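Below you'll find the structure, written out as structure tokens, and then a few comments.
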Number of protein chains: 2
Amino acid sequence: MVGSGDGVISQKTKYALRALLALAESDGAHPLRIRDIAGSRAIPRKFLEAILLELKAGGLVASFRGKNGGYVLAKPAEEISLADVMRRIDGPIAPLPCVSRRFYSRCADCSGDADCAFRDAFDQAHAANLRVLEATTIARLCALENEADTAQGRCDAKAAPDCQVSGKRLG
Amino acid sequence: MVGSGDGVISQKTKYALRALLALAESDGAHPLRIRDIAGSRAIPRKFLEAILLELKAGGLVASFRGKNGGYVLAKPAEEISLADVMRRIDGPIAPLPCVSRRFYSRCADCSGDADCAFRDAFDQAHAANLRVLEATTIARLCALENEADTAQGRCDAKAAPDCQVSGKRLG
DNA sequence: TGAAATCTCTACCGATTTGGTAGACAAATA
DNA sequence: TATTTGTCTACCAAATCGGTAGAGATTTCA
């Protein structure tokens with residue numbers, strides 16, 4: 001079933017972003033417990049444990065153990081971009097390894113055949129994509145979220161108005 | 001292993017693009033046989049059969065059976081974009097279903113939680129990505145490929161010069 | 001010195017997707 | 001009718017995705 005389309009952002013990345021938003025919105029004085037983040041953001045607890053460990057390994061969050069322990073952001077929310085999170089959780093963002101900024105490697109089968117012709121196009125597309133992803137920070141998302149909340153109506157009010165909800169549109 | 005990175009373009013899409021390039025480069029008078037495309041472009045034959053059927057279902061190629069049969073492009077190479085091929089083979093390009101132009105649907109878990117804040121950013125990134133992918137046609141890829149070929153040195157000569165080949169760069 | 005609370009680590013698990021392969025079948029052509 | 005081509009149904013192994021279980025290590029507090 002080709003078109004069922006969960007899209008390309010993994011569940012894991014969505015959970016990671018939600019967790020980071022939760023941390024960014026907390027006062028930062030007290031660490032947030034895994035259990036509380038999981039509870040408030042609807043994330044499976046054990047899964048979140050693993051995700052936070054990855055984020056910690058990537059230097060995005062820090063943790064404390066024992067009573068009063070928990071997680072905090074390891075740097076200002078302004079310095080964590082969407083691209084940072086995606087790369088840490090799902091690996092390279094580039095569509096082809098030979099076009100990757102951070103994880104460059106030669107395409108295994110690129111020599112002597114037609115793949116090379118694709119490279120340039122994918123490189124441009126990737127660059128355009130990345131510009132947005134690098135420019136968007138957790139802080140910015142946080143602001144957007146609060147905006148939406150106080151203007152109430154929450155998420156649904158912002159759904160693209162020209163998109164039909166029923167079924168798929170193949171045009 | 002998060003960074004091993006084959007990238008996001010599936011093998012299947014790469015094969016599809018190679019096959020389309022082969023068809024675009026043939027004179028168009030005689031159909032190309034699956035076997036010949038597979039041979040000249042290093043694509044597993046049986047796998048290519050399935051791919052061509054999908055492209056046919058999508059109206060990108062046409063076929064003839066029996067002796068002298070084979071495949072041809074169903075429309076001018078100028079009218080087949082990278083985005084067309086990717087969508088036909090791998091489904092929606094959008095990172096989130098609620099941001100998709102062709103396959104819109106509401107995110108399952110978007111109501112009342114933080115996902116909404118992501119939407120806007122991913123929407124912009126996707127739009128930027130799509131602009132390039134829609135603008136790049138098979139004809140253009142074909143031209144690029146020939147350019148590279150006649151300037152000889154083939155692919156490898158075009159590899160990004162500022163990228164080290166050895167190992168991964170984590171910066 | 002515990003005991004409790006918290007993060008950490010290793011191991012597993014079922015479902016789905018990816019990248020294929022095998023083989024019978026159908027339609028053209030000569 | 002024999003041959004040559006595409007078409008269709010069914011598999012298959014390996015990897016990935018989304019998660020779970022449970023023991024272990026640290027810190028704090030009484």
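As a basis for the values below, the full set of heavy atoms in this structure was taken, side chains included, without hydrogen atoms, waters or symmetry mates. For clarity, every value in this text was computed on a predicted model and none was experimentally measured.
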Return the value, rounded to whole Å, for the distance between atom [atom1] of [X] and atom [atom2] of [N].
{"X": "A/Leu32", "N": "C/dT6", "atom1": "CG", "atom2": "P", "answer": "12 Å"}
{"X": "B/Ile43", "N": "C/dG20", "atom1": "CD1", "atom2": "C1'", "answer": "14 Å"}
{"X": "B/Phe47", "N": "C/dT17", "atom1": "CZ", "atom2": "P", "answer": "15 Å"}
{"X": "B/Leu52", "N": "D/dC8", "atom1": "CG", "atom2": "P", "answer": "13 Å"}
{"X": "B/Asp36", "N": "D/dT5", "atom1": "CG", "atom2": "P", "answer": "8 Å"}
{"X": "B/Leu53", "N": "D/dC8", "atom1": "CG", "atom2": "C1'", "answer": "8 Å"}
{"X": "B/Asn68", "N": "C/dA27", "atom1": "CG", "atom2": "P", "answer": "19 Å"}
{"X": "A/Ile51", "N": "D/dC17", "atom1": "CD1", "atom2": "C1'", "answer": "11 Å"}

Only counting residues at least two apart or in another chain, list the ones meeting ring-ring contact (aromatic ring centres under 6.0 Å, His included) with A/Phe64.
none
Keeping the roles fixed (side chain from B/Arg101, backbone from B/Ala94), state whether a donor-acceptor pair exists under 3.5 Å.
no
OP1, OP2 of C/dG19 versus side-chain N and O of B/Tyr15: anything below 4.0 Å?
no
For C/dT6 and A/Ser63 - does any side-chain N or O of the residue sit under 4.0 Å from the phosphate oxygens OP1/OP2?
no
For A/Ser81, the side chain to side chain contact (heavy atoms under 4.5 Å, CB included) test, sequence neighbours excluded, returns A/Ala83, A/Asp84, A/Glu134
With a 4.5 Å limit on heavy-atom distance, are the side chains of B/Lys14 and A/Leu96 in contact?
yes
Using the side-chain heavy atoms of B/Ile34, tell me which of these nucleotides is nearest: C/dT6, D/dG6, D/dG18.
D/dG6
Pick the nucleotide of DNA chain C nearest each of B/Ala50 and A/Gly69; which residue has the one closer to the 5' end?
A/Gly69
Contacts of A/Glu78 meeting salt bridge (charged side-chain N to carboxylate O under 4.0 Å, His left out) (sequence neighbours excluded), chain-then-number -> none
State which residues pass salt bridge (charged side-chain N to carboxylate O under 4.0 Å, His left out) with B/Arg33; sequence neighbours excluded, sorted by chain then number.
B/Asp36
Which letters describe nucleotides 21-27 of chain D, given B = protein heavy atom under 4.0 Å from base, S = only from sugar-phosphate, - = neither?
BB-BBSB
For A/Arg35, which contact category applies under a 4.0 Å heavy-atom criterion: base, sugar-phosphate, or nothing?
sugar-phosphate
Between A/Ile51, A/Leu82, A/Ile138, which is the residue that forms a side chain to side chain contact (heavy atoms under 4.5 Å, CB included) with A/Leu20?
A/Ile138
Decide salt bridge (charged side-chain N to carboxylate O under 4.0 Å, His left out) for B/Asp120 and A/Arg140; before the verdict, give the C-alpha distance in whole Å, the side-chain angles of both, and the deciding distance to 0.1 Å.
CA-CA 11 Å; B/Asp120 204 56; A/Arg140 177 80 192 119; 6.0 Å; no
Axis-to-axis angle for the helix from C/dT1-D/dA30 to C/dA30-D/dT1, ends of five pairs each, to 10°, equals 0°
Check A/Glu25 with A/Arg41, please: is the shortest side-chain N to carboxylate O separation under 4.0 Å?
yes
